[in-house]
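As structure tokens, the structure follows; a few thoughts come after it.
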Amino acid sequence: MLDLVLQTSSSVCLWGALVVLLIVYLVSSSSFSSGEDRKGPPGPRPLPLLGNLLQLDLKRPYKTLVKLSKTYGSVFTVYMGPQKVVFLAGYKTVKEALVTNADQFGERESVRILLETNRGHGIFTANGDSWKEMRRFAFTNLRDFGMGKKACEDKIIEESEQLIEVFRTFKGEAFDTTNPMNYAVSNIICSMVYGSRFQYDDPQFKSLVDKTTTIAKLMGSPSIQLYNMFPWICKWAFNRREIHKTFAFNKKQNSELFGQLEKTLNPQMCRGFVDAFLESGNTNSHFHDENLMITVMNLFAAGTDTTSTTLRWDQVQEELSRTIGSRQVQVEDRKNLPFADAVIHETQRLASILPMVAHRTSQDVTFQGHFIEKTSSSVSLWGALVVLLIVYLVSSSSFSSQKDRKGPPGPRPLPLLGNLLQLDLKRPYDTLVKTYGSVFTVYMGPRKVVVLAGYKTVKEALVNRADEFGERHALQITDDYNKGHGVLWSNGDSWKEMRRFALTNLRDFGMGKRASEDKIIDECEQLIEVFKKYKGEAFDLTKPMNCAVSNIICSIIYGSRFEYDDPEFTSLVDRTNKNIQLVGSPSIQWYNMFPWLGKWINHRKELHTMITANKKQNLRFFRGLKETLNPQMCRGFVDSFLARQQTLEESGNTNSNFHEENLLVTVLNLFAAGTDTTATTLRWGLLFMAKYPKIQDRVQEELSRVIGGRQSTMEDRKNLPYTDAVIHETQRLGNIVPMSLPHQTSQDVTFQGHFIEKGTTVYPLLTSVLSDESEWAEPHSFHPAHFLDKDGKFVKRDAFMPFSAGRRACLGESLAKMELFIFFTTLMQKFRFTAPPGVSEEELDLSPSVGFTRSPSPHKLCAVACV
Ligand code: HEM
């Protein structure tokens, strides 16, 4: 069959063959059905090839697994890609397997990447005789060099003195304990392995420790997990190259250290594990260089990575000083320090730094009534699939079209997966901009996407070529619920009518006008009351901020605001915000790329429940408004829409875009687009103020000098250039919609010499505009001077494009600007925003949490009322 396939060149046949092979594989392979047939442990139903991958949170797989153990019990099966893995959960089960049935469960199963680096040597991933010898030798030697004994205790005491010295140099100021802690712990291993410790600033030592930690981090990254499951297609993963590079570097450094030790070897004085190994004179075949190297690196890796957690030091310290005063603690003291000992144990329990270590079955096992077969792999079928894929890659024409027709350049895509494996899904385009310039092609799974980067290019496309680039590309998930209605995800006449109607109405209801300003001022007063309740204590601003901003939209849409504790209101606000998060989640991104996976995506069900609830609630509101409709008094957007609908119906127009579904979707769009965005920007602003108190000083000084204690209005903006610059800089650096929303080309386009087909998805990369190095002096820092001239006057900047540009630009721009100005200035007049007590400004984290919008990581601030 393979010969036949190899001779065929058409990609259709190849796809056909692939499908047939997959079916054959599915039907013939017992690996997926054995679960049921032979009473294997239960588990979620796997997909072919992908297994249960889409149900797992790859960042914290153990969390999903704990959830699964609640459904399937303490022994269950999960397919990590094509690989069947049996998980054991809970004390009783784990103990029964690892202790009682040690022989059957005691072999080490290893992930692909570790097999590659360790090659069956060392202790961690080895099995069989080599493992037995190395483990025994390491164990005896570590014991000889003091593990659990007095000599080791002395070394640890000496090291802890060094660590205390380092801690002291910070003089009580906040600092990150990771590095000193890693150095101290590594030094214990160094003493045992090489026979000596290092100074913490020794570059060789620092690099060894830092690189070991880097490798550990990379090993847990999602792309490496994917590689472990699909080694044949994920070979190109960037992190894999990094691991191999770093690992080789560490090896080289260790070789040098071993070389030095070998030169000074003295049979009368064995300094450590390496000496013992070199001297062992053991002719046994397992004592070779490679085994020494990997064993030492295993000991290093396993002995270094530490855990940090918030310890109850107050109580621990009290117990320590009561029990032993200021003398050095010794292991002997442990029995008299029950609380300290408990804290250390609890830290280990909670931190659980190695949540999953893989074992494998050495034979067929029946365990707790489940059949678990001896670990095996269906190598031959996989081999066939790989060959087929290669043939496909070489012959298929579908991906080479971009070269033929001079499409924008880009990395070479894989079939189906496209460039997914080359992208860091959190910041997908940063590296690509550097390699491919301002217009390039990326395949998000099977979908071709053109990315536009930099101010000039984005402006040229969205403004100068607005007609060609001004259509919206709807994502699969938004299409499911918007179905071409509303303003955000629609196109054509319906979009045009809805956008125009929404814009006119928002304007009539005060957007950019006095009425709207009054509403914002009223809402601000409510928000201030909420902030005051915290009496200067630290709190999370998200919820009150969301409620306040949502209320502005409510006033405009329904004609009235809600109390913050009204359950109708809070549920609407909470669901809207949760929806936005979910829509940006990785699993929904998978769904957008591979809609046929639909059923298996968990978040989709959650999203469905919430959107349905929001729709129902809105329909209820509409009904209430309809019953009290008064043509003389239009309360808001819904009234206006209903009135128009009625007029059209009365005039016999049955074909109009003014129907209930369009009202519903437009209202949900305005809610979604108008709340999270503005509230998130305001949270960035206050966080920047707490982080940079000198800038906050200048804002507050300007406010009190120019408007004193009275309420600010939009009129004041021109007299507050510094404050205005700070708000603009907040939007620039906050960069909350980093990729804008997807556009698509409305026709075949030739752009900057590249051919782009009609209907291609286009992402204008706003983040690259807002941090364009040729436009901004300090693109990556908070620098209000970007918007000030040398006399301190406010200057507009063309590259300030947080609302995007052109015909699809943000519809709520002027409302958002008004909200930002009034909320920000009023809050600045009333409160001083600071980091929580005990947290320094440097520690306030500016790293974003990226979902559909880019928001600050969860944090708390204090709002101290100004007198
Ligand atoms: C700081 C606040 C805001 C920011 C940064 C922001 C940003 C954006 C961006 C980048 C887009 C996509 C433009 C494109 O496709 O190129 C957008 C679209 C949109 N925004 Fe905003 N927005 C904000 C506030 C608001 C508010 C308050 C409303 C509602 C009243 C709103 C309603 C919309 C709508 C309806 C669209 C879709 C326009 C269309 O597709 O025709 N936005 N916004």
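We count ligands from 1, going down the list as the structure has it; atoms in each ligand are counted the same way.
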Work out whether the distance between some heavy atom of Ser740 and some atom of ligand 1 is less than 4.0 Å. yes
Specify side chain, backbone, both or neither for Glu813, according to which of its non-hydrogen atoms lie closer than 4.0 Å to ligand 1. neither
Parallel under 30°, tilted from 30 to 60°, perpendicular over 60°: which one fits the rings of Phe621 and Tyr558? perpendicular
Please verify the inter-ring angle class for Phe637 with Phe641; under 30° counts as parallel, over 60° as perpendicular, anything in between as tilted. tilted
Say whether Gln731 and ligand 1 are in contact under the criterion: heavy-atom distance to a ligand atom below 4.0 Å. yes
Under 4.0 Å from ligand 1, counting heavy atoms only, is it the side chain of Asn669, its backbone, both or neither? neither
Test of proximity, Arg808 against ligand 1: N or O pairs below 3.5 Å: yes
Return the minimal non-hydrogen interatomic distance between Gln645 and Phe658, and the atom names on each side. CG-O, 3.2 Å
Taking 4.0 Å as the limit for heavy-atom contacts, which would you say applies to Arg499 with ligand 1: side chain only, backbone only, both, or neither? side chain
Structural part of Trp495 in contact with ligand 1, heavy atom criterion under 4.0 angstrom: side chain
Using only atom types and a distance under 3.5 Å, with no angle test, would you say the side chain of Thr441 pairs donor to acceptor with the backbone of Pro408? yes
Checking heavy atoms under 4.0 Å, the part of Thr681 that sits near ligand 1 is side chain
Heavy-atom pairs closer than 4.0 Å: do any link ligand 1 to the side chain of Thr675, the backbone, both, or neither? neither
Within less than 4.0 angstrom of ligand 1, does His743 place any heavy atom? yes
Please report whether the ring centroid of Phe800 lies less than 6.0 Å from that of His728. yes
Could you walk me through whether Phe794 and Tyr722 pass the ring pair (Phe, Tyr, Trp, His ring centres under 6.0 Å) check? CA-CA 7 Å; Phe794 183 84; Tyr722 189 77; over 10 Å; no
Mutual orientation of the aromatic rings belonging to Tyr436 and Phe440 [parallel < 30°, tilted 30-60°, perpendicular > 60°]: tilted
